[in-house]
2 protein chains.
Amino acid sequence: MMTIKEVTEMTGISAPTLRYYEKEGLLPYVKRNENRKRLYDEEDLSWISFVTALRATGMPIAQIQKYVSLFKEGDSTIAERKTMMLHHKKDIEKSIKELYFNLDKINYKLALYDVLESQIERTTIKI
Amino acid sequence: MMTIKEVTEMTGISAPTLRYYEKEGLLPYVKRNENRKRLYDEEDLSWISFVTALRATGMPIAQIQKYVSLFKEGDSTIAERKTMMLHHKKDIEKSIKELYFNLDKINYKLALYDVLESQIERTTIKI
DNA sequence: ATAGAAGATGAAGTTCACTTGAAGTCAAGG
DNA sequence: CCTTGACTTCAAGTGAACTTCATCTTCTAT
């Protein structure tokens with residue numbers, strides 16, 4: 001069992017953010033010691049890692065909330081949770097495609113700069 | 001020359017956003033007619049498209065502002081602008097890598113759901 | 001000529017995801 | 001004993017990127 005400080009050091013997530021995620025219901029079942037201090041176990045860490053992956057791929061807090069509340073309902077929600085993940089997977093794949101598409105535009109701009117620079121060079125050395 | 005409405009229809013960007021981008025200095029040289037209504041030409045459209053690509057790839061407004069102000073300074077800033085684009089290209093490539101990395105975690109979760117579902121099926125038909 | 005749609009402006013409001021502040025509890029060390 | 005530091009809670013504040021509002025002007029169609 002780890003303290004909040006150890007978790008922040010391991011994950012790079014700030015203590016206020018961990019408390020905020022827990023308050024919003026993104027981290028089920030974080031336990032406390034006799035003095036109400038949070039104690040994180042391996043399962044908490046894997047929730048943190050999962051929530052972090054969802055956030056990093058753009059899933060809003062509200063949707064993660066929904067996912068976690070379905071999880072708490074138990075096995076009867078497995079199909080719905082799987083559907084959520086499938087949709088999110090599609091969203092991520094779309095984001096990646098759009099990033100590639102826009103990266104192409106940036107690369108085109110960079111190619112123009114190469115042309116510009118070689119023109120300037122030719123002008124400077126008066127060819 | 002197109003009106004703001006035609007541009008919103010072409011690009012899907014709202015008129016308030018176009019005005020906001022212009023006010024923030026992201027769209028240089030948008031002209032007006034005799035009654036101060038905006039008129040967009042081809043060059044404006046290509047700026048809009050470029051700014052949109054930068055935004056869609058996560059470049060903050062402030063950095064686009066800087067880029068456009070360098071552009072307005074003229075050819076002496078070409079090297080600096082190219083450097084900005086090279087850095088941004090690196091950032092995009094990093095984002096794409098991170099998306100793939102996190103997509104793997106989602107796919108792992110999905111694989112677990114497949115296992116869970118087949119377990120449930122076996123339980124139901126009592127094998 | 002006049003209603004209604006479209007455009008302009010500046011200021012204020014919204015949303016999201018945190019972050020910071022204020023005030024209190026508790027254990028350990030000098 | 002008492003200070004320090006790591007926690008706690010709840011509320012308020014922040015920053016980014018728009019969006020909406022109020023008010024005014026201008027164009028278009030009947």
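Not measured: the values here are computed from a predicted model. Residue numbering restarts at 1 for every chain, and letters A, B, ... go by the order of the sequence lines.
- The nearest whole Å value for the distance from the CD atom in A:Glu34 to the P atom in D:dT8 is 13 Å.
- Within 6.0 Å of the CZ atom in B:Phe71, the count of heavy atoms belonging to other residues, nucleotides or ligands exceeds 12.
- Phosphate proximity of C:dA17 to A:Arg19: absent, as no side-chain N or O sits under 4.0 Å from OP1 or OP2.
- Checked by atom type, the side-chain pair B:Ser14/B:Thr17 shows a donor-acceptor distance below 3.5 Å.
- Taking atom CG of residue B:Asn33 and atom P of nucleotide D:dT25, one finds them 16 Å apart after rounding to whole Å.
- For the pair B:Asn33 and B:Arg38, the minimum side-chain heavy-atom distance is 4.5 Å or more.
- The 12-atom threshold is not exceeded at CD of A:Glu43, counting heavy atoms of other residues, nucleotides or ligands nearer than 6.0 Å.
- Between the P atom of D:dT8 and the NZ atom of A:Lys23 lies a distance of 14 Å, rounded to the nearest Å.
- Note that NZ of B:Lys31 and OH of B:Tyr29 are 9.0 Å apart. Values are rounded to the nearest 0.5 Å.
- Nucleotide C:dA17 holds its P atom 10 Å from the CD atom of A:Glu24, rounded to whole Å.
- Nearest-nucleotide mapping onto DNA chain C: of B:Arg32 and B:Lys5, the residue sitting toward the 5' end is B:Lys5.
- Of the residues in residues 35-66 of chain A, those placing a heavy atom less than 4.0 Å from an atom of DNA chain D are A:Arg36, A:Lys37, A:Arg38, in numerical order.
- A 4.5 Å side-chain heavy-atom check between B:Glu24 and B:Gln65 finds at least one atom pair inside the cut-off.
- B:Tyr108 has its ring centre no less than 6.0 Å from the ring centre of B:Tyr113.
- At whole-Å resolution of the value, CD in A:Glu6 and C1' in D:dA6 are 12 Å apart.
- Under 4.0 Å is where a charged nitrogen must lie from a carboxylate oxygen, and between A:Arg81 and A:Glu73 no such pair does.
- Protein atom CG of B:Leu18 is 10 Å distant from nucleotide atom P of D:dT19, rounded to whole Å.
- Salt-bridge check for B:Glu98 with B:Lys105: failed, with every basic side-chain N at 4.0 Å or more from each acidic carboxylate O.
- Contact between the side-chain N/O atoms of A:Tyr21 and the OP1/OP2 oxygens of C:dC18 is found at a separation under 4.0 Å.
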Restricting to nitrogen or oxygen on both sides, can you table the protein-nucleotides 19-21 of chain C pairs closer than 3.5 Å?
{"residue": "C:dT19", "atom": "OP2", "partner": "A:Ser14", "partner atom": "OG", "Å": "3.3"}
{"residue": "C:dT19", "atom": "OP2", "partner": "A:Thr17", "partner atom": "OG1", "Å": "2.6"}

